[in-house]
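Every chain is numbered from 1 and lettered A, B, ... according to where its sequence line falls, protein lines coming before strand lines.
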2 protein chains.
Amino acid sequence: MKSPAFSRAEPDARRLSLIEACARVLAAAGSAGASVRAIALEAGVSPGLVGHYFGGIDALVAATYAHVDAQVSDALDAAVAAAGAAPRARLEAFVTASFDAPIADRALLATWIAFWSLITARADLARQHDAQYAGYRARLERLLAGCGVPEPDLRRAAIAVTALVDGLWLELCLSPGCFSAEEAGGIARRFLDALISPDR
Amino acid sequence: MKSPAFSRAEPDARRLSLIEACARVLAAAGSAGASVRAIALEAGVSPGLVGHYFGGIDALVAATYAHVDAQVSDALDAAVAAAGAAPRARLEAFVTASFDAPIADRALLATWIAFWSLITARADLARQHDAQYAGYRARLERLLAGCGVPEPDLRRAAIAVTALVDGLWLELCLSPGCFSAEEAGGIARRFLDALISPDR
DNA sequence: TTGCCTGTTGGACGATCGTACAACAACGCG
DNA sequence: CGCGTTGTTGTACGATCGTCCAACAGGCAA
């Protein structure tokens with residue numbers, strides 16, 4: 001009547017559980033507390049599995065970052081899809097979704113910061129960041145184009161909106177009491193007004 | 001004729017040299033590489049001095065963050081002072097100074113990231129961040145008021161400008177090849193135009 | 001049921017971490 | 001010039017880090 005000492009899992013499922021445990025540990029203890037042992041304990045597995053599936057702790061953090069980025073992308077897609085067909089509504093949904101759950105979240109921020117702290121020392125991770133940032137901006141450019149932003153201004157507009165949203169999102173996560181998600185959304189909406197209005 | 005084994009220094013001078021060495025190590029090796037030994041080696045002193053002056057590595061990182069923040073404040077003040085008396089020019093100088101040396105700098109970013117990664121786990125450092133952020137925003141509010149932004153809009157405008165500047169600064173440091181300081185300055189100037197123009 | 005395959009365990013290993021402290025030496029004072 | 005103060009050194013210490021790997025056992029095929 002004794003319970004099994006462990007159970008096997010699909011490789012992808014096991015990888016995912018380790019990634020999610022990594023994100024939880026990063027959120028709870030910060031970058032310094034995210035050790036192989038702490039993550040394995042959180043996932044309920046042996047420390048050796050981290051090496052078996054990812055080869056090292058840095059690769060696990062990078063995978064966690066990629067996974068979290070995919071989650072953000074999915075949440076943004078869902079917000080855009082729920083906004084209907086009007087281009088402006090879709091753009092606004094894309095932008096303001098960053099200020100609510102599940103994107104404005106301490107666990108996400110902790111993962112982001114942990115990844116940023118690795119970029120300084122590792123060029124390959126810098127390339128991963130560049131690729132993910134480029135993907136975000138490309139999607140924003142499409143939405144802006146749909147709202148009538150002319151092609152020559154597209155690049156600058158996308159950089160500007162990305163920066164504003166990132167800055168608001170960052171401060172919203174770092175000190176949630178400073179301003180509210182509604183305030184952030186209002187600021188972003190006004191910025192889009194100025195960007196899209198037919199003057200100039 | 002042998003050289004002295006070591007030389008004494010003013011406590012403040014020694015503290016400063018350790019802080020500067022900490023910033024250099026953070027920039028070169030990232031958050032994970034900033035150990036007591038590495039910092040002491042960079043500063044050319046014994047590892048024991050870190051404990052003697054700061055009591056621990058976390059306090060040294062916090063002091064480095066505070067010092068770097070003061071450097072940024074000084075650079076911003078200098079930029080504003082050099083801009084003359086016109087309110088709009090002063091505001092613009094304050095904003096665009098973030099995109100050039102010495103503010104747009106990998107060493108600064110590395111210090112910021114290392115500090116952010118500690119905030120998750122330590123409430124006292126979160127308060128230090130809130131205080132420094134509030135100081136930045138208060139100065140920005142004064143400059144915006146000088147440009148005619150009405151008092152009820154002041155808070156929102158300052159939050160918006162801070163977010164935009166932070167987002168541009170962050171991406172400029174993380175991947176310098178993505179866009180230039182001139183582009184960032186142009187984006188920020190247009191944003192100020194929209195914010196200050198008498199319409200609405 | 002039996003036996004093989006392999007996902008999983010858990011501890012060993014050397015390296016490195018932050019901290020503490022006794023010994024040392026530079027500098028100022030008498 | 002000699003002495004005391006104290007800034008500074010260098011190391012020892014225990015803890016914890018990432019990695020590695022031999023042994024174990026769950027699950028499937030025969």
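If you check D:dT11, C:dG18, D:dT8 against the side chain of B:Val36, the one that comes closest is C:dG18. Across D:dT19, C:dT19, D:dT9, the shortest atom-to-atom separation from the side chain of B:Leu49 is found for D:dT9. Comparing atom distances between the B:Ile57 side chain and each of D:dT8, C:dG18, C:dA12 picks out C:dG18 as nearest. When distances are taken from the side chain of A:Ser46 to each of D:dT9, D:dT8, C:dT9, the shortest belongs to C:dT9. Distances from the side chain of B:His52 to the nucleotides D:dT19, D:dT8, C:dT9 place D:dT8 closest. Minimum atom distance to the side chain of A:Val45 is reached by C:dT9, of the listed C:dG18, C:dT9, D:dC17.
The nearest whole Å value for the distance from the OH atom in B:Tyr53 to the C1' atom in C:dA20 is 17 Å. Counting to the nearest Å, the C1' atom of C:dG7 and the CG atom of A:Asp12 are 14 Å from each other. Rounded to a whole Å, the CG atom of A:Leu41 is 12 Å from the P atom of C:dT9. Per the geometry, CG belonging to B:Leu118 stands 14 Å off C1' belonging to C:dG18, to the nearest Å. Rounded to an integer number of Å, the gap from CD of A:Glu10 to P of C:dT6 is 14 Å. Remark: C1' of C:dT9 and CZ of A:Arg37 are 13 Å apart, rounded to the nearest angstrom. Distance CG (B:Leu60) to C1' (C:dT19): 14 Å, rounded to an integer number of Å. Computed from coordinates, the B:Phe54 CZ to C:dT19 P distance equals 13 Å when rounded to whole Å.
Residue A:Trp169 is tested with A:Phe99, A:Tyr136, A:Trp112 for a ring pair (Phe, Tyr, Trp, His ring centres under 6.0 Å); the sole match is A:Trp112. With A:Leu91 as the fixed residue, the side chain to side chain contact (heavy atoms under 4.5 Å, CB included) test singles out one of A:Leu144, A:Leu195, A:Val80: A:Leu144. Under the side chain to side chain contact (heavy atoms under 4.5 Å, CB included) rule, B:Ile39 has a single partner from B:Val25, B:Ile19, B:Val61, which is B:Val25.
Between A:Ser35 and the phosphate of D:dC17, there is a side-chain N or O to OP1/OP2 separation shorter than 4.0 Å.
Between the side chain of A:Arg14 and the base of C:dG7, no donor-acceptor pair under 3.5 Å is found. In this model, no side-chain donor or acceptor of A:Arg8 finds a partner on the base of D:dG27 within 3.5 Å.
Nucleic acid contact class of B:Gly51 (heavy atoms, under 4.0 Å, all strands): none.
Scanning all heavy atoms of the two residues, the minimum distance from A:Ala188 to A:Leu164 falls at CA-CD2, 4.1 Å. Between A:Cys178 and B:Arg155, the shortest heavy-atom distance links the atoms O-NH2, 3.2 Å.
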